[in-house]
Amino acid sequence: MRSIREWKQAAIWLFGFSVLWNRVGAQIRYTIPEELKEGFVVGNVAKDIGLDISDIANRKLRIASDSSTQYFSVDTRNGELLVNGRIDREALCGQSGSCLMPLQIVVENPLQLHRVDIEIQDINDNAPNFHTRDNVLKIAESVALGARFPFESAEDLDVGSNSLSSYSLSNNAFFRLNVKTLEDGKKVPELIVDKPLDREKQSVHKLILTALDGGNPVKSGTILIHVIVEDINDNEPIFEQSQYKVSVLESIPFGSSVLTVKATDLDEGPNGEIQYFFGAHTPDPVRKSFNIDAKTGEITVIGKLDYELTKLFTFDVCAKDKGSPKQEGHSSVRLNIIDENDNIPEIILTSLPSPVSENASVGTVVALINVKDLDSGNNGKVNLNISGRSPFKLKPAFDNHYSLVTDTLLDREVNAEYNIELVAADSGVPSLKTMKTVNVKVLDVNDNPPIFSQFSYIVYIKENSPPGASLFSVSASDIDQDKNAILTYSILDSSTNQVPASSYFYINSENGTIYSMSSFDYEKIKLFSVVVQAKDHGSPSLSSNTTVHVFILDQNDNVPAVIYPSTSMGSISYQRMPRSAKAGHLVTKVTAVDADSGHNAWLFYRLAEATDASLFSVNLHTGEVRTKRSVSEQDDSSQRLLIEIKDNGEPVQSTTVTVEILIEDGFHEPISDYSKIRPEVDKKTGKMTLYLIISLASVSLLCLMTFFILMVKCARGSMRQLKLLYREDKFRI
Ligand SMILES: *[C@@H]1O[C@H](CO)[C@@H](O)[C@H](O)[C@H]1NC(C)=O
Ligand SMILES: *[C@@H]1O[C@H](CO)[C@@H](O)[C@H](O)[C@H]1NC(C)=O
């Protein structure tokens with residue numbers, strides 16, 4: 001602001017100038033700046049029109065024009081023209097270069113009209129002004145360099161040098177200012193794009209455009225320009241990762257989320273709205289198993305995953321914006337499927353189990369086995385075992401191949417077949433198992449001889465039985481199978497037996513029934529030891545022997561034979577005795593033998609008939625003939641005795657002997673007779689004793705043998721039991 005004193009100096013200068021100009025032009029003209037204070041003296045109008053100060057009142061000096069009264073007044077005391085109100089040049093004259101205010105000065109007596117022109121000079125009291133305070137300018141980011149954006153010009157009400165003279169633009173990197181002067185001299189500011197715009201870096205530029213006038217001091221006006229950079233789809237969506245790696249379990253349920261891919265697009269609006277898709281060349285299996293959500297980019301499972309079919313999925317994902325044209329970005333997905341133990345091991349018999357011979361050596365291969373598990377790693381690692389105790393074992397060959405071999409010697413007679421239970425278990429957690437039963441048959445080998453039901457047999461047969469009788473049946477059994485168990489019986493002729501048994505006996509080769517082929521005489525042979533052999537049809541065949549002891553039973557088929565007294569001279573034997581004999585006198589002794597044995601040879605003597613039965617008695621057992629009383633003179637000298645000799649058999653066999661006893665007087669001892677007879681008697685009794693000894697010995701031998709056979713039978717019975725027990729034990733172990 002200028003001080004009043006300054007204004008006064010300026011006014012004085014202007015006054016002097018106008019007075020000079022008035023003299024020349026003969027017209028009164030004042031020049032004053034606008035916006036003077038009320039009461040400012042423009043000039044002494046009275047003096048300038050040549051009026052005395054004393055006349056002012058008389059001549060009624062005044063301003064005529066009404067229009068100007070509001071701005072000026074005349075001081076009637078001294079004739080000075082004073083500023084009466086605010087003079088705004090811009091309001092009065094606008095933009096015109098000069099601004100003259102004509103005043104009619106009237107004086108009366110005589111009435112005179114004077115014209116006074118007051119030139120209002122401009123002062124810089126207006127700043128340049130933009131019509132709008134803020135302005136928004138939208139420019140596409142793709143705009144070419146050098147593009148011009150004309151702007152509204154600022155207005156300055158002042159004129160001349162106080163009017164608008166220049167523009168300036170706030171400091172910025174992207175725009176520069178150009179001022180275009182139109183034909184009418186109007187200055188139009190233009191924004192020129194100086195550097196490429198990038199909405200994604202800076203979407204709004206705030207610029208201040210300043211308009212300056214040429215006054216002194218300079219006045220200015222500003223406008224804030226918002227340059228909004230409009231988006232162009234110049235950015236493609238970009239995935240957060242150039243490759244996604246993810247692992248999922250193969251058992252993942254349908255609908256589960258596997259992965260969410262995400263892309264960003266720096267553009268805005270539809271240019272930045274992203275939709276997700278599978279890449280154009282995504283293989284069918286991926287599309288069948290997975291779905292990608294176009295909005296969220298979430299990849300979910302829609303099909304069954306199976307590690308055993310596909311271990312890895314690789315595919316591309318694509319993000320497209322909705323700009324026009326669309327831009328797209330790509331990434332790849334690597335989806336590892338993690339194996340789970342979802343496959344049961346499988347047992348495969350590469351060869352059908354072959355029957356194994358019971359004499360097969362340890363390690364004989366019976367079957368080839370292969371195990372399989374579709375899983376991998378531990379889930380696919382399979383262990384094959386035999387469950388329980390078994391005479392077989394598994395021998396691993398190469399990966400997952402096994403041979404089933406014998407582990408011990410086999411015995412078909414103990415176990416004719418085996419059901420081997422194989423268990424395959426994988427190493428997964430939890431482990432999966434499978435079982436398979438392999439049936440192995442054991443083939444028979446002729447390794448068991450026939451066994452007779454008894455070690456030896458005892459058979460009794462009565463003598464004199466008719467030939468062809470069925471005596472007995474032996475039987476043997478063979479625990480082998482089929483041909484190896486078919487038996488043939490035969491009778492063996494051992495060289496140690498003096499009698500060939502086969503000529504006396506016949507055996508049915510098929511069922512072991514023994515028949516006699518002749519009649520036997522106990523008195524000739526009492527015992528046959530028949531060796532019977534049972535032989536199987538194996539190759540080579542096995543056999544075993546048994547002995548059948550055939551005892552011939554005695555029948556009472558022999559009549560007792562009298563050996564004393566001798567009847568060789570006739571049917572009567574003569575004996576002598578003295579008449580002087582007392583009671584109890586041994587007259588003679590009848591001796592008989594029986595070829596039979598035992599009871600059949602047990603003899604009894606009885607007096608059957610006698611001339612005088614009161615005189616003699618016969619000892620029942622010894623056959624001694626003794627006198628019962630003393631012989632008297634009246635007794636006949638010839639006495640006849642009929643002695644009966646009976647055995648104890650059934651039926652009884654008997655014989656008689658007639659003894660004629662001659663009683664002689666004066667006969668003392670028939671010593672001579674005796675001595676004559678004795679050697680013969682001795683010989684005969686010796687023979688008798690021999691018979692007795694033989695029969696006794698044979699009876700006791702029979703007893704002994706029976707006892708021995710019984711004992712052996714007992715022992716064998718317990719031995720067999722023991723053997724069986726041992727076998728059972730062996731296979732239970
Ligand atoms: C053995 O066979 C014969 C002849 O066929 C028959 O008479 C006999 O009874 C049979 N023996 C046995 C023990 O079956
Ligand atoms: C059976 O007896 C025969 C003749 O004595 C003999 O050669 C054979 O070895 C015997 N067999 C057995 C198994 O004892």
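Read the numbers this way: they start at 1 and go in the same order the structure lists the ligands and their atoms. The structure presented is a predicted model; accordingly, all values stated were derived computationally and were not measured.
For ligand 1, the atoms sitting less than 4.0 Å from at least one non-hydrogen atom of Ser473 are 13 (C), numbered in the order shown with element in parentheses. Interface atoms of ligand 1 facing Thr513, defined by a heavy-atom separation under 4.0 Å, are 1 (C), 10 (C), 11 (N), 12 (C), 13 (C). Shown in contact with Leu492 at under 4.0 Å from a heavy atom are these atoms of ligand 2, numbered in order with element: 1 (C), 2 (O), 3 (C), 4 (C). Residue-ligand proximity, Ser543 to ligand 2, at heavy-atom distances under 4.0 Å covers atoms 13 (C).
Ring centers of Tyr515 and Phe505: at least 6.0 Å apart, outside the cut-off.
The pair Arg576-Glu664 meets the salt-bridge criterion, since a charged nitrogen lies less than 4.0 angstrom from a carboxylate oxygen.
Using a 30° and 60° split on the angle between ring planes, Phe551 and His549 fall in the tilted class, from 30° to 60°. Ring orientation note: the planes of Phe392 and Tyr418 are nearly perpendicular, at an angle over 60° on the 30°/60° scale. Taking the six-membered ring for Trp and thresholds of 30 and 60 degrees, Tyr489 and Phe452 have ring planes inclined between 30 and 60 degrees apart.
Within the structure, salt bridge (Lys or Arg N to Asp or Glu O under 4.0 Å) contacts touching residues 444-467 (residues at least two apart or in different chains) are Arg412-Asp444.
Atom 5 (O) of ligand 1 has its closest protein heavy atom at Asn508 ND2, 4.4 Å. With hydrogens left out, the protein atom closest to atom 7 (O) of ligand 1 is Tyr515 OH, 3.8 Å, a heavy atom. For atom 9 (O) of ligand 1, the closest non-hydrogen atom of the protein is Asn511 ND2, 4.8 Å.
Looking at Ser351, its side chain does come within 3.5 Å of a backbone N or O of Leu368 through a donor-acceptor pair.
For the pair Asn545 and ligand 2, the shortest N or O to N or O distance falls below 3.5 Å.
Distance screen at 4.0 Å: atom 14 (O) of ligand 1 has a protein heavy-atom neighbour inside the cut-off.
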